[in-house]
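All chains are named by letter (A, B, ...) in the order of the sequence lines, taking the proteins before the strands, and each is independently numbered beginning at 1. Basis for what follows: all heavy atoms, side chains included, without hydrogens, waters or symmetry-related copies.
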Number of protein chains: 2
Amino acid sequence: MAQMNNVTPLFKDMAKLEHDHRVACQECSLYRLCLPLGLHNKDLAQLDKIIKRSQSHKRGEALFTTEHAFKSLYVVRSGSFKTTISATNGREQVTGFYFPGEFIGLDALYQESYQSNAQALETSSVCELPFDSLQELGKDMPQLQVQLLSRLSKELSGDKSLMLLLGKKTADEKLATFLLSFSKRFSDRGFSATEFHLTMSRGDIANHLGLAVETVSRVFSRFQEEGLITILGKGIVLRDIAKIKGLCG
Amino acid sequence: MAQMNNVTPLFKDMAKLEHDHRVACQECSLYRLCLPLGLHNKDLAQLDKIIKRSQSHKRGEALFTTEHAFKSLYVVRSGSFKTTISATNGREQVTGFYFPGEFIGLDALYQESYQSNAQALETSSVCELPFDSLQELGKDMPQLQVQLLSRLSKELSGDKSLMLLLGKKTADEKLATFLLSFSKRFSDRGFSATEFHLTMSRGDIANHLGLAVETVSRVFSRFQEEGLITILGKGIVLRDIAKIKGLCG
DNA sequence: CGCGCGTTTGACATGACTCAAATGCTGTGG
DNA sequence: CCACAGCATTTGAGTCATGTCAAACGCGCG
């Protein structure tokens with residue numbers, strides 16, 4: 001059980017993407033994954049104008065909470081975030097993890113108030129899309145609306161899969177599914193599909209998957225014994241993707 | 001433990017709403033709950049033109065499955081539906097129940113293919129909205145797009161709450177939450193908030209909440225012993241809403 | 001009227017949780 | 001730069017809520 005966490009060349013991560021606040025959509029490396037996909041140059045320039053590229057958020061810092069007034073949607077630019085909702089009695093559920101190019105705050109549109117809290121998992125930055133401007137722009141840009149709908153729909157689809165996971169899967173299946181989902185999202189962004197950092201705590205993972213921390217820890221350890229993965233602190237190496245796939249249920 | 005199911009004046013239900021296929025949006029009793037909300041008369045008339053009002057679907061009949069080509073969104077007109085997704089190994093998760101005025105198929109927009117199966121729980125009818133026409137219409141009708149976004153967002157928001165339920169709640173809390181959610185949706189539609197029919201089987205309820213059938217049955221029985229509810233087959237009477245609220249967690 | 005499925009109830013099994021404690025890692029301040 | 005404090009993670013032991021298996025019951029459909 002080695003130690004290590006940040007300065008390992010093995011694990012590249014998304015915190016390094018583009019902290020440069022001036023990069024316009026046209027030159028952004030996330031273009032293929034992001035909202036502007038499919039917009040014409042002229043439209044893209046317009047969209048670019050309404051985007052606020054905020055300063056970066058430190059680990060643990062809130063992007064917004066249910067207390068804040070709804071004003072904007074956000075797209076992750078670098079780093080990663082988690083969103084949570086809370087029950088009346090204080091229990092919390094981690095509803096999602098968000099990587100570069102992914103939207104945060106879509107569940108706020110209805111009722112125009114944030115329904116969840118969003119928090120940075122590491123030093124991260126976002127593109128802020130003031131919703132009023134976005135609506136205004138959408139009136140003359142049907143393609144933008146289509147993109148927005150598509151984003152919402154994608155998240156919806158993912159949430160349904162998570163329901164299946166939460167409702168029907170065993171601890172092993174949950175964690176196998178979780179690992180593969182991350183693998184795919186990393187590789188979609190040009191990172192390794194087999195070696196990556198988990199920027200969230202075991203507690204966050206457990207919470208998100210409807211498990212206890214101890215269970216996550218135990219299953220990870222067992223996966224390692226069985227040669228499926230190697231654990232290096234927050235770093236994970238997938239050693240046998242095929243077998244992991246077989247465990248997903 | 002009495003018996004009864006359909007012909008009881010006590011329980012009014014949504015199967016009786018408007019089976020009349022000619023009722024236009026303007027005169028539809030669901031207006032306040034449905035898509036057209038906020039559209040001007042002229043726009044409404046246009047929307048009305050693209051809507052196909054299909055024949056009714058019998059209990060158990062599929063509205064669509066993941067095998068069907070994506071073509072349309074649907075709004076429940078009368079009756080009720082359930083949606084399901086399946087894991088590779090055959091396990092199924094009931095992802096939602098849908099009542100008059102609610103959208104089905106929103107998770108299909110992304111990828112333009114149905115991601116779930118929709119099935120009638122009783123004799124039911126829908127308004128079919130061909131997606132192409134809807135997109136076409138949306139180009140000149142920003143308000144329609146806003147409505148659509150809002151619908152997606154609402155479903156997203158509900159799904160996040162369900163994650164909290166599936167991940168963090170006990171069997172008692174799950175069922176209390178379930179009952180109150182139905183109570184609200186019934187009363188929103190002008191039906192009694194305290195007396196209603198559950199059109200789905202115990203199995204569907206259990207599946208949706210991530211429980212075993214036997215657990216649902218047991219908890220319902222206990223709730224009845226404790227004077228919280230009265231069970232009459234598929235009929236439910238909420239006897240102490242305050243106390244049920246207290247159980248939601 | 002009778003068959004079959006959906007529902008209820010009981011007895012038992014177990015996966016995952018809780019509690020507890022050791023160990024390791026991280027970030028801070030001296 | 002190092003040492004310490006505090007939190008995160010791991011590991012173990014025991015419990016419990018909920019699932020599984022089994023059987024009786026009754027309603028609903030043909």
Side-chain angles (χ1 to χ4, degrees), chain A residues 1-8 11 58-61 82 91 94 121-123 165-176 197-225 229-236 247 249, chain B residues 1-8 11 58-60 82 91 93-94 121-123 165-176 197-225 229-236 247 249:
Chain A
M1 215 132 302
Q3 89 298 4
M4 53 115 292
N5 237 335
N6 8 22
V7 215
T8 311
F11 298 98
K58 295 214 184 75
R59 180 150 79 91
E61 216 177 294
K82 71 171 174 183
R91 271 175 297 184
V94 173
L121 292 169
E122 60 190 313
T123 302
L165 177 145
L166 287 168
K168 299 281 172 305
K169 296 194 178 184
T170 65
D172 283 21
E173 291 167 344
K174 286 177 177 181
L175 279 159
H197 265 294
L198 299 174
T199 53
M200 67 294 304
S201 70
R202 298 285 192 271
D204 286 337
I205 298 173
N207 183 306
H208 183 54
L209 302 178
L211 296 170
V213 193
E214 295 91 331
T215 305
V216 171
S217 192
R218 271 186 261 270
V219 174
F220 271 174
S221 297
R222 185 157 39 74
F223 278 5
Q224 183 164 235
E225 282 168 29
I229 63 176
T230 301
I231 306 170
L232 299 154
K234 301 233 178 215
I236 293 266
L247 284 177
Chain B
M1 215 133 306
Q3 86 299 8
M4 52 117 290
N5 236 337
N6 10 20
V7 215
T8 310
F11 299 97
K58 294 215 184 74
R59 179 148 83 91
K82 72 171 174 183
R91 272 175 296 183
Q93 170 77 26
V94 173
L121 292 168
E122 60 191 311
T123 302
L165 177 145
L166 287 167
K168 298 280 172 302
K169 297 195 180 184
T170 65
D172 283 21
E173 290 167 344
K174 285 176 177 181
L175 279 159
H197 265 294
L198 299 174
T199 52
M200 68 291 306
S201 71
R202 298 286 192 270
D204 286 337
I205 298 173
N207 184 307
H208 183 54
L209 302 178
L211 297 169
V213 192
E214 295 92 331
T215 305
V216 170
S217 193
R218 271 187 262 271
V219 174
F220 272 174
S221 297
R222 186 156 39 74
F223 279 4
Q224 182 163 236
E225 282 168 27
I229 64 177
T230 301
I231 305 169
L232 298 154
K234 300 235 178 218
I236 292 267
L247 283 177

*Asks:* When the distance from CZ of A:R222 to P of D:dT11 is rounded to whole Å, what number comes out?
*Replies:* 12 Å
*Asks:* Could you give the NZ-to-P distance, from B:K168 to C:dA16, as a whole number of Å?
*Replies:* 15 Å
*Asks:* Please determine, for the side chain of A:S217, which listed nucleotide (D:dA8, D:dT10, C:dG27) has the closest atom?
*Replies:* D:dT10
*Asks:* Output the rounded distance in Å from CZ (B:F220) to C1' (C:dT8).
*Replies:* 13 Å
*Asks:* Per the end-axis method with five pairs at each terminus, what is the bend angle of the helix from C:dC1-D:dG30 to C:dG30-D:dC1, to 10°?
*Replies:* 50°
*Asks:* Ignoring backbone atoms, establish whether B:S221 has a side-chain N or O less than 4.0 Å from OP1 or OP2 of C:dT9.
*Replies:* yes
*Asks:* With sequence neighbours excluded, tell me which residues meet side-chain hydrogen bond (donor to acceptor under 3.5 Å, both in side chains) with A:S221.
*Replies:* none
*Asks:* Could you state the CG-C1' distance from A:L232 to C:dC25, rounded to the nearest angstrom?
*Replies:* 14 Å
*Asks:* Under 4.0 Å between a side-chain N or O of A:K234 and OP1 or OP2 of D:dT9?
*Replies:* yes
*Asks:* For the pair made of CD in A:E225 and P in D:dT10, what is the distance, rounded to whole Å?
*Replies:* 12 Å
*Asks:* Let's go through B:R91 and A:E173 carefully: what are the C-alpha distance in whole Å and the side-chain angles of both, what is the deciding distance for salt bridge (Lys or Arg N to Asp or Glu O under 4.0 Å) to 0.1 Å, and is it a yes or a no?
*Replies:* CA-CA 13 Å; B:R91 272 175 296 183; A:E173 291 167 344; 2.8 Å; yes
*Asks:* Report the residues that fulfil salt bridge (charged side-chain N to carboxylate O under 4.0 Å, His left out) with A:R222, sequence neighbours left out, ordered by chain and then residue number.
*Replies:* A:D172, A:E226
*Asks:* To the nearest Å, give me how far apart CE (B:M200) and P (C:dC5) are.
*Replies:* 22 Å
*Asks:* Using whole Å, what does the distance between atom C1' of nucleotide D:dC25 and atom CZ of B:R202 come to?
*Replies:* 15 Å
*Asks:* Quick one: pull up CZ in B:F223 and CD1 in B:I231 and give me the separation to the nearest 0.5 Å.
*Replies:* 9.5 Å
*Asks:* Any pair with a residue in residues 205-214 of chain B that passes side-chain hydrogen bond (donor to acceptor under 3.5 Å, both in side chains), sequence neighbours left out, goes on the list, sorted by first then second residue, please.
*Replies:* A:K168-B:N207
*Asks:* So, using side-chain hydrogen bond (donor to acceptor under 3.5 Å, both in side chains) as the criterion, who are the partners of B:K174 when residues are at least two apart?
*Replies:* none
*Asks:* Look up atom CG in A:L175 and atom NZ in A:K169, then write down how far apart they are to the nearest 0.5 Å.
*Replies:* 11.0 Å
*Asks:* CD1 of B:I236 versus P of C:dT7: gap in Å, rounded?
*Replies:* 11 Å
*Asks:* Set out, line by line, the N/O atom pairs under 3.5 Å between protein and nucleotides 19-23 of chain D.
*Replies:*
from, atom 1, to, atom 2, distance (Å)
D:dG19, OP1, B:G210, O, 3.3
D:dG19, OP1, B:A212, N, 3.4
D:dG19, OP2, B:A212, N, 3.1
D:dG19, OP2, B:T215, OG1, 2.4
D:dT20, O4, B:R218, NH2, 3.0
D:dC21, N4, B:E214, OE2, 2.9

*Asks:* Answer with base, sugar-phosphate or nothing: what part of the nucleic acid does A:R59 contact at a heavy-atom distance below 4.0 Å?
*Replies:* sugar-phosphate
*Asks:* Give the minimum heavy-atom separation between B:R202 and B:V216, together with the two atoms involved.
*Replies:* CD-CG1, 4.1 Å
*Asks:* About how many Å separate OG1 of B:T170 and CG of B:L165, when rounded to the nearest 0.5 Å?
*Replies:* 9.0 Å
*Asks:* Give the nucleotide from the list D:dT10, D:dT18, D:dT9 with an atom nearest to the side chain of A:I231.
*Replies:* D:dT10
